[in-house]
2 protein chains.
Amino acid sequence: MDNSIKVKFDKIDRKILEILQGNAKITNAQLSKDIGLSPAPTLERVKKLEQSGIIKSYHAKLDPEKIGLGVSTFVLVGLIGHNKSNIDAFMKEINQIPEVIECHHITGTGDFILKIISKDINSYQKLMLEQVSEIKEVDSMQSMVILSTFKDSKVLPIPA
Amino acid sequence: MDNSIKVKFDKIDRKILEILQGNAKITNAQLSKDIGLSPAPTLERVKKLEQSGIIKSYHAKLDPEKIGLGVSTFVLVGLIGHNKSNIDAFMKEINQIPEVIECHHITGTGDFILKIISKDINSYQKLMLEQVSEIKEVDSMQSMVILSTFKDSKVLPIPA
DNA sequence: CTTTGTGCCACATATAATTCGGTAAATTCT
DNA sequence: AGAATTTACCGAATTATATGTGGCACAAAG
């Protein structure tokens with residue numbers, strides 16, 4: 001099991017990570033210029049960062065509205081019980097709903113927070129009524145509809 | 001102003017978008033095989049999707065724990081007023097805090113929801129006390145600490 | 001029908017990634 | 001400290017990939 005412990009990386013690696021978080025499509029040649037190395041060791045560092053699991057994957061970011069996804073929400077979900085089997089069953093159901101793009105177990109008000117994205121309010125309602133609230137472990141749900149998004153950074157603040 | 005209206009794309013484009021959301025590093029040659037076209041028109045389609053703004057950008061996804069980011073939270077923030085100048089001022093401050101990786105204006109309980117990521121509980125507390133709560137438009141704050149993340153999909157469900 | 005445009009392929013070329021051999025600095029061991 | 005070992009780097013050659021071009025076929029418009 002890979003238990004995600006902190007891995008070593010130096011100042012140059014940090015710079016690489018910052019650049020690649022913001023722009024994964026940069027050429028290795030340009031990246032090497034930006035960090036002040038030649039292409040060969042630059043590539044070597046990127047490969048190591050990938051192999052060590054620091055870089056997990058690369059993704060294209062789409063414009064939700066342009067693909068017809070007009071409604072995004074956060075939903076606080078309370079479960080009927082907190083034992084492992086309940087949570088596992090809930091997770092399993094949630095994982096099968098592509099509109100649920102995030103699911104986090106949290107402290108505080110609810111037990112879980114979901115991020116859901118769908119076409120419009122109608123399809124959102126349908127999704128909630130026919131899929132989410134149908135999961136038998138679900139007790140309560142509280143929706144927060146996103147009116148607008150001011151910040152959605154894909155760049156994590158790498159600690160010194 | 002680009003007002004993010006829905007743009008046309010066909011079944012092949014949808015497949016391209018699905019693949020690129022999950023794996024932005026695929027070669028054009030492989031992508032063309034996966035969608036059943038030759039490289040030239042494949043590349044042409046990808047370029048069009050980029051130019052039309054459907055594809056906004058490409059990002060490397062890092063493992064937060066491996067770079068020493070152990071604490072992620074959602075924070076519900078209430079503002080002292082809801083007029084535009086207040087909200088603008090708040091946004092401006094929020095944008096300068098790299099630990100705040102998301103900021104959404106929402107309906108429901110609070111006015112805004114933030115996603116914050118930091119090194120540990122101490123640095124989180126420091127951030128909240130010295131930066132977020134210092135913003136003068138901020139009235140109330142309610143933190144939800146993420147215990148674990150079960151799903152964090154970068155693939156949006158493109159409607160039919 | 002004819003025309004115009006769109007989308008495709010195959011192939012040629014340009015650009016970029018990747019590999020390789022060698023060197024220097026840093027680290028470890030004695 | 002000094003030798004041995006490892007690590008990180010560079011420049012150049014090679015390989016892979018992206019990109020550009022011309023031509024063909026189908027579909028939509030006139």
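All chains are named by letter (A, B, ...) in the order of the sequence lines, taking the proteins before the strands, and each is independently numbered beginning at 1. All heavy atoms count here, side chains included; hydrogens, waters and symmetry mates do not. For clarity, every value in this text was computed on a predicted model and none was experimentally measured.
Relative to the side chain of A/L43, the nucleotides D/dT19, C/dT18, D/dC10 differ in distance, and C/dT18 lies closest. Side chain of B/A29, nearest nucleotide from D/dA18, C/dA17, D/dG11: D/dA18. Of the candidate nucleotides D/dG11, D/dT19, C/dC8, C/dC8 has the atom lying nearest to any side-chain atom of B/P41. The listed nucleotides are C/dC8, C/dA10, C/dC20; the one nearest the side chain of B/A40 is C/dA10. Residue A/P39 places its side chain closer to C/dT18 than to any other of C/dT18, D/dG20, C/dG7. Taking only side-chain atoms of A/R45, from C-beta outward, the nucleotide of C/dA10, D/dC9, D/dT17 with the closest atom is D/dC9. The side chain of B/N28 has D/dT19 as its nearest neighbour among D/dA8, C/dT18, D/dT19.
The nearest whole Å value for the distance from the CG atom in A/D13 to the C1' atom in D/dT7 is 13 Å. A/K11 places its NZ atom 19 Å from the C1' atom of D/dC9, with the value rounded to the nearest Å. We find that CZ of B/F9 is positioned 15 Å from P of C/dG7, with the value rounded to whole Å. Distance A/K25 NZ to C/dA16 P: 13 Å, rounded to the nearest Å. Taking atom CD1 of B/I26 as the reference point, atom C1' of C/dA17 lies 17 Å away to the nearest angstrom. Per the geometry, NZ belonging to A/K33 stands 11 Å off P belonging to C/dA17, to the nearest Å. If you measure from atom CD1 of A/I12 to atom C1' of D/dC10, you get 14 Å, rounded to the nearest angstrom. The NZ atom of A/K47 sits 13 Å away from the C1' atom of C/dA16 (whole-angstrom rounding).
From B/S57, atom OG reaches atom NE2 of A/H59 across 12.5 Å, with rounding to the nearest 0.5 Å.
Ring planes of A/F112 and A/F90: tilted class, angle from 30 to 60°.
The cluster map of Ile, Leu, Val, Met, Phe, Trp and Tyr, joined by side-chain heavy atoms under 4.5 Å apart, puts A/L114 and A/M141 in the same cluster.
Looking only at atom types and distance, the side chain of A/D120 has a donor-acceptor partner in the side chain of A/S123 under 3.5 Å away.
In B/K126, the NZ atom is not crowded: 12 or fewer heavy atoms of neighbouring residues, nucleotides or ligands sit closer than 6.0 Å.
At the heavy-atom level, B/S38 lies under 4.0 Å from base atoms of the strands shown.
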